[in-house]
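So you know, we letter chains A, B, ... as the sequences are listed, proteins then strands, and number each from 1.
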Amino acid sequence: METRTKIYQNIYQDSVALMRISATISDMPGIEQASGLMGTTTNLDLLLESGLLDARPNTKPSDLLFVIKGKPEALDDAFTAAEIALAPKESSESSGGVKRLAPTSLLGALEEAPMANLALISTPGEFAAAEAMKALRAGLNVLLFSDNISVEQEIILKKYAAEKSLLFMGPDCGTAIISGVPLAFANVVRQGNIGIIGASGTGIQQVSSLIDQLGSGVSHAIGTGGHDLSKEVGGLTMLAGIHALANDPQTKVITLISKPPAKEVADKVLAAASKTGKPIVVNFLGADASQIKGPHITAASTLEEAAHRAVALDKGEAADFTSAGPDDLGINERSKIIARTIKSPQRYLRGLYTGGTFCYEAQLLLQNHLSDICSNGPVGNAQKMTSPFRSEGHTVIDLGDDVFTRGKPHPMIDPTPRNERILQEANDPETAVILLDVVLGYGSHDDPAGELAKTIGAARTSLKGSGPAYIASICGTVNDPQNLADQKAKLEAEGVTLCASNAEAVILALQVVKRSQQ
Amino acid sequence: MKNIISDPLNVINVGLAKFADPFVAHSVPVISCQWQPPAGGVAETAWQLAQITNNPIVEAANEIAFSRYLEANPILTGVGTAVDSIPGMGSKQILHSGPPVAWRDMCGPQQGAIIGAILFEGWSSTAEDAQKLAKNGDIELTPAQHLNAVGPMAGIISPSMPVWIVKNEMLGNLTYCNFNEGLGKVLRFGAYSDDVLNRLRWMADVLAPVLQEAVEIMGGLELKPLMASALHMGDEVHNRNAAATSLFFRKLAPAALQGSADKAQISEALSFIAGNDHFFLNLSMAACKSMLDAASGVENSSMVTVMARNGVQFGIRISAFPDRWFVTEAPLVEGLFFPGYTGADAAPDLGDSAITETAGVGGFAMAASPAIVQFVGGDVAQAVENSRKMQRITLGRNSAFTLPMLDFAGTAAGIDIRKVVDTGILPIINTGIAHKDAGVGQIGAGLTAAPLECFTQALRALYYNLNT
């Protein structure tokens, strides 16, 4: 160890700056201690006391003194570093501080954007209610994408929103379209006269996309979240949505989408809808159609039917479209052709869905025609699967279920898990038809049909050209980032039979399976 | 009323960044925030916080508290002996910094300083006896803040010590602070050697009368303009008081020279002040305390009125609860050390001087004093950023204290516990570092931050007050 002292004349450095430089030098390899000080008597005393110096050097208070103790071979580098640090510096570009700090909280963001009128919240569920409450209290409308909010919190939030005449969409609201702008998982849909209020994200996506495909447009699509029409919540958001669309001059027709609500909630919602005086199309998936009635109200039994009937009402035509049933001639012709590719023992339907509402609708449509359906989310007469990872008989699976998505992205975002499942089902000699949905729009994967086509191609190759039939519907529009036409072409090139809607795809798949069993 | 059905969308995106894409594609204004879990990740507290944000009762209370703080005009009106000047101070009482703490739990410097004060008062003649006296509970130990007083580091004020007397002209409230002894071996770092005691005696016998008379001749001194000038001269009036001390000296010297004291004593007094860059600190603290006491006691106000440390615990008080402390373990200070010392020698954060940050100067005015940020190896831009960051946790700005580096914007002032808990941005404090053993003195300086736990405790208390 060696201690070396250097004196620099007429350099002034603030003691703080010197401490900082000293700390840096002390950390250099081979250096035990470094100390830079102005040569005042007090400072020299300090150096003597600390034992770094044993004799008082001859310095003036204006001299800068650097004392470094360390291995002899390390000292030169240490002094060079010290001298570089002591040299006067150019002021850094950001001095004077024009650097802008990004806001780290919702209220911080609001301070920067005081004109904001909507908060889109997708934080982890345990904090989401708090973020939503802050947004409401700051006078913002809210779309709460996050789920796992308690019913108590949902009610507090919705009552507060109602009191302040703010629109609160959610919790667990995956889809909305406001003035043509898609929010979260939503499609780019032409602007028009049809307003939608839906408790189901994929339900809204199916109806809004079909409306676009049929040449009409959507004014606004409001998502309520899945629990809104429960007895506890009482349809607070749906009622607020009806009120908003009633007052919206752009909206000429209103479409309501939900699973069957609690009876008293349904009554309240239908009464409020009737009162708007605007034509109302109601699809309470699986509800008894005779219960859906009232002035201006038209019931629809599928999402497809809801879209068609809303478009008809918008165009001033008769709202009499009915989704194809098993007796439909066109369906039967198509099923005959597909069934030729099916050989014994292929006899089962396997529905692999990314959209929960499509899975739900499929079971409703199948329940009166197939007696032994299994699902991980059974509806009607369907049975709960023994294991969601193994299909038995006719099986319809919601791959967006928690059991598949825990700690993983949703299959609409990452198609890998469904593609793996397709291979598994294709290799099952009993699989006759694989029924699929493809959901486009913002939020979804960039090229879901492309990924799907690759998988189906791989399955066919490994089975040497045989294997099940593939029937799919694509939910989307030509203006979606993925482009409906491109996505269709990719699946058709792999021999996938495409249907205009999920309802149609389900019935076609049903008929193919029935033929395979004859 | 903000209506998204009738008016064009304008969005704040909180959470998944990807959700901003469609807005950008459709030319809808969108601002994304780099969201972090609030309330230190405790969901229940986050929910309580949400329910008291934009609460009309709290907002109205804060408006009152904050305007009292802004309007306060602290004036140095005199110098007196603690026991005669501070209402409620007993003749066998010693005031200390930070939240309440028992003798046995006190940190080394605070114990040392109390021993020194006992010797100074002549209640014991040896350190051993003084220690026994303190241990037996014969001396009443009280946080200075309970009696509207503050003190840096150990913050010791004993009955015969001289104190500054500062009066808020607007409300008439009085605050007190002891005198600054300089650097090195001093009582506030727990030293009680003969030099230290002799200096204290000289301060009481010579310095105090000279200053008392000078203040009288000046007819009082407005402290805010002086602090404001110092902020334009490189001080942040907590860790740097070189400019403020000079400005004070300029006001004081002519008045002192007119005093009746012996010329040699006046000369000694002025030399003492001229030789201590930190002399103004204690006046800065008394002034800050004055402004914050004015804001204290407004029911349901979430404004912080005290941040203080005793070397063991860090405590805050808020306007709504003027008599309650919200405390947690005192943090260690991140900083640079004098030659021969390391972090292992340091006492945890200590002293009432964080009253300066509470009042919007010190760490909150770091942009005024870029050199301070170098304590943690930062640069000028970082000093500016720190001052800006503090704007996110305060009720407003104090236009009496402007920052040239921020285009003369007022300093961030009036810490709102709700904003601290929401953003997780902690109030920055510039501070000296004391050796953990009594009497060694200052061994470094650096930056620390007020711990979040104090703010979440205060938030829960305010929530219950509003909801029960």
Side-chain angles (χ1 to χ4, degrees), chain A residues 14 16-17 19-20 23 33 35 46-47 50-52 91-92 94-97 99 101-110 112-113 115-123 126-127 129-131 133-134 137-141 145-146 153 165-167 178-184 220 244 248 442, chain B residues 1-16 18-19 21-23 25-26 28-29 31-38 43 46-47 49-51 53-55 336-340 367 371-372 374-375 377 379-381 384-385 388-389 392 405-406 419 422-425 444-445:
Chain A
D14 188 272
V16 178
M19 283 163 73
R20 188 172 57 82
Q33 207 179 347
S35 186
L46 204 60
L47 285 173
S50 73
L52 200 52
S91 74
S92 67
S94 53
S95 67
K99 201 165 62 176
L101 300 169
T104 53
S105 67
L106 188 151
L107 297 177
L110 182 61
E112 297 208 2
M115 297 304 287
N117 56 14
L118 174 78
L120 197 171
I121 297 166
S122 55
T123 65
E126 52 179 330
F127 299 104
E131 294 303 318
M133 186 48 124
K134 279 184 270 188
R137 296 192 76 106
L140 295 170
N141 299 281
F145 176 83
S146 318
Q153 285 177 324
S165 305
L166 293 167
L167 192 55
I178 302 296
S179 305
V181 181
L183 275 66
H220 307 283
D248 175 36
Y442 280 100
Chain B
M1 192 54 56
K2 289 182 171 179
N3 189 323
I4 52 170
I5 300 298
S6 59
D7 301 328
L9 266 187
N10 191 324
V11 184
I12 295 176
N13 184 33
V14 186
L16 303 172
K18 198 174 142 100
F19 280 175
D21 293 352
F23 304 118
H26 286 77
V28 168
I31 180 165
S32 292
C33 78
Q34 293 173 358
W35 183 85
Q36 285 152 18
W47 177 239
L49 163 68
Q51 291 172 88
T53 48
N54 284 312
N55 181 308
L336 295 174
F337 292 90
F338 298 151
I372 293 300
Q374 296 193 334
F375 273 120
D379 54 20
V380 173
V384 172
E385 188 180 306
R388 284 228 180 117
K389 242 180 164 175
R392 301 208 166 151
M405 297 280 277
L406 296 184
K419 292 187 175 183
D422 192 24
T423 60
I425 296 173

(message) Once rounded to the nearest 0.5 Å, what's the spacing between atom CG of N141(A) and atom CE of M1(B)?
(response) 9.0 Å
(request) Output the option from A113(A), A184(A), G139(A) having the highest count of non-hydrogen pairs under 4.5 Å with chain B. (result) A184(A)
(message) Report which part of P29(B) has an atom under 4.5 Å of a heavy atom belonging to chain A: side chain, backbone, both, or neither.
(response) neither
(request) Identify which part of Q33(A) has an atom lying under 4.5 Å from any heavy atom of chain B, answering side chain, backbone, both or neither. (result) side chain
(request) Please name the residue in the list I178(A), L183(A), V181(A) that meets the side chain to side chain contact (heavy atoms under 4.5 Å, CB included) test with I4(B). (result) I178(A)
(request) Please check if the distance between the ring centroids of F127(A) and W35(B) is under 6.0 Å. (result) yes
(request) Take D422(B) and L107(A) through the side-chain contact (heavy atoms from CB on, under 4.5 Å) test and state the conclusion after the steps. (result) CA-CA 9 Å; D422(B) 192 24; L107(A) 297 177; 3.8 Å; yes
(message) What's the separation between atom CG in L118(A) and atom NZ in K2(B), rounded to the nearest 0.5 Å?
(response) 10.5 Å
(message) Using heavy-atom distances under 4.5 Å, tell me whether N55(B) contacts chain A through its side chain, its backbone, both, or neither.
(response) both
(request) For chain A, find which of D7(B), N3(B), L9(B) contributes the most heavy-atom pairs closer than 4.5 angstrom. (result) L9(B)
(request) Look at A129(A), G180(A), S146(A) and state which one has the largest set of heavy-atom pairs under 4.5 Å with chain B. (result) A129(A)
(message) Within this structure, what is the CG-CD1 distance for the pair L16(B) and I121(A), rounded to the nearest 0.5 Å?
(response) 12.0 Å
(message) Does any backbone or side-chain atom of V28(B) lie under 4.5 Å from a heavy atom of chain A? Answer side chain, backbone, both or neither.
(response) side chain
(message) Using heavy-atom distances under 4.5 Å, tell me whether P38(B) contacts chain A through its side chain, its backbone, both, or neither.
(response) both
(message) Can you tell me which of M115(A), K134(A), M133(A), R137(A) forms the most heavy-atom pairs within a distance under 4.5 Å of chain B?
(response) R137(A)
(request) Select, from S165(A), S35(A), G51(A), P182(A), the one with the greatest count of heavy-atom pairs under 4.5 Å involving chain B. (result) P182(A)
(request) Kindly compute the distance separating CG (L110(A)) from CG (N54(B)), expressed to the nearest 0.5 Å. (result) 8.5 Å
(message) Tell me which of these, A46(B), S32(B), S6(B), has more heavy-atom pairs under 4.5 Å with chain A than the rest.
(response) A46(B)
(message) Under a 4.5 Å cutoff for heavy-atom pairs, which residue among G424(B), P8(B), C33(B), A367(B) has the most contacts with chain A?
(response) C33(B)
(message) Could you tell me if the side chain of Q34(B) sits less than 4.5 Å from the side chain of P103(A), heavy atoms only?
(response) no
(request) Give the member of V14(B), V11(B), N10(B) that has the highest number of heavy-atom pairs under 4.5 Å with chain A. (result) N10(B)
